[in-house]
Amino acid sequence: MKQILFMLSALLFCCCSSDSEVNAVEPAQAGKTLVVYYSYTGNCRAIVNTLTSQIQADVVEIQPAEKGLKYEANGYALGTQLLNAIQANPNDLSSYPAIDPVETSLGDYENIIIVTPLWWSQMAAIMQTYLFQSASAMAGKHVAMIVSSHSSGISGVVSDARRLLPEVTWMGDALWINASNHANRLSLIEAWLKNLNFAEGQTTMEKMYITIGGQTQSVTLVDNAATRALVEKLKQAPVTVTLNSSGGFEIWGALGFSLPTSNQQTTAEAGDVILYNGSNICLFYGSNSWSYTRLGKIDDLSGSELQSFLKAGESNINVRLALDNMTSIRASLTPDPSLKGEGSIYSMNGQRVKNPTKGIYVKDGKKIAL
Ligand SMILES: Cc1cc2nc3c(=O)[nH]c(=O)nc-3n(C[C@H](O)[C@H](O)[C@H](O)COP(=O)(O)O)c2cc1C
């Protein structure tokens, strides 16, 4: 009976919706990933286990506050009733079934993967509660979704997700796992993650440090062949490049060497560190879409701070790339050419000093004693 009901609903659903729409991929961000799931009969839990065997992620399970309910009893009466209540009044939290409190701080995560069952071609009511109450905390996050159904198409769940989370960046199309392909979920999830650049983009590596005009900022690198080669290069010695502003969104220029590419159509955003054409580095203070290889993201700077740090609009900008910010050690051996400019005086760790006292400093790229 269950199968017939679902097949009927699947047929009905297929007539009025399309699951074949393909959206552009927004690749996973460098940083931490959270997997949020709800599972009533265990399929989503199995999907999460498979998923977390392939990426590093924290996992949180959403639980209904009321335990032991039978959503499928009496022809799925309770499940239907919960969904109808949400549909009748979707902007009111009291329309949603109560869930246990979730302690996880969403602010710690760059990427969130939602794994949810489909109920009557909609998102399972319990997961809807969590997303409704987390919408503002998730704003700006990169979010992807896996939907598990018996056989119905998932467009209705995708619509629910977009309604519940209007301010997130969707990474690409949701992955649909159903009764007929559940056993193949390993390869399905693997291909889906690769498409979202998760396999390479999700794990964080060591930091790189960028110094411009005496200010040093850390960069969280993504883990891919390009960053691994870059790290090897920087282990030998820091690299200084000369970059120029371009297009009102980046400073860029030749690295002087090539790195392996894994180019993908990418919308680069402010703070992104990107490899272009295999041998050019681009530091973004605005946004642009192109076929790029991601290297990482500059940490903790606002849009205006980035513009100032990257000297947006200027030309011939000296940019030093290194694996540590121990400017002091290097400055004591060789003055750092990037610590030049306007006669300013810098401490040995690269901070501009307004009123230097007695000591060793860097001025116009040279070490001086006061
Ligand atoms: C209340 C309820 C309604 C459901 N409605 C549908 C449906 O309309 N179409 C479908 O294909 N599957 C439907 N299912 C089946 C689930 O989507 C499917 O079994 C899913 O894999 C369950 O995930 P879980 O085991 O993690 O809870 C429904 C299940 C429940 C409990």
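Ligands are counted one by one from 1 in listed order, and the atoms in each one are counted from 1 as well.
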Is the contact between E72 and ligand 1 made by the side chain, the backbone, both, or neither, using heavy atoms and a 4.0 Å cut-off?
neither
For ligand 1, which atoms, with element, lie under 4.0 Å from some heavy atom of N43?
19 (O), 20 (C), 21 (O), 22 (C), 23 (O), 24 (P), 25 (O), 26 (O)
May I ask you to check if ligand 1 and R45 share an N or O to N or O distance below 3.5 Å?
no
Would you mind finding which of I154, L118, L83, L78 brings a heavy atom closest to atom 7 (C) of ligand 1?
L118
Under-4.0 Å heavy-atom contact with ligand 1, by part of Y40 that carries it:
both
Could you list the atoms of ligand 1 found under 4.0 angstrom from a heavy atom of C44?
24 (P), 26 (O)
State the atoms of ligand 1, each with its element, that fall below the 4.0 Å cut-off from a heavy-atom position in S152.
7 (C), 8 (O), 9 (N), 10 (C), 11 (O)
Give a yes-or-no answer on whether the side chains of S218 and D299 include a donor-acceptor pair shorter than 3.5 Å.
yes
Using a 3.5 Å cut-off on N or O atoms only, is G42 in polar contact with ligand 1?
yes
Just which atoms of ligand 1 are under 4.0 Å from any heavy atom in S121?
8 (O)
Side chains of T293 and I274 in contact at under 4.5 Å (non-hydrogen atoms):
no
Under 3.5 Å, N or O to N or O, is S148 touching ligand 1 that way?
yes
Parallel, tilted or perpendicular: which one describes the rings of F284 and Y292, with boundaries at 30° and 60°?
perpendicular
Ligand 1 and S151, any nitrogen or oxygen pair closer than 3.5 angstrom?
yes
Can you list, pair by pair, the side-chain donor-acceptor contacts under 3.5 Å of residues 138-148, counting residues two or more places apart and other chains?
from	atom 1	to	atom 2	distance (Å)
K141	NZ	L106	O	3.2
K141	NZ	Y109	O	2.6
H142	NE2	Q29	NE2	3.3

Do the side chains of I189 and L175 get nearer than 4.5 Å, heavy atoms only?
yes
State yes or no: are the ring centers of Y40 and Y71 separated by less than 6.0 Å?
yes
Taking side-chain hydrogen bond (donor to acceptor under 3.5 Å, both in side chains) as the definition, give me every residue that meets it alongside D92, ordered by chain and number, with sequence neighbours left out.
S94
Would you say the side chains of Y37 and E61 form a donor-acceptor pair under 3.5 Å?
yes
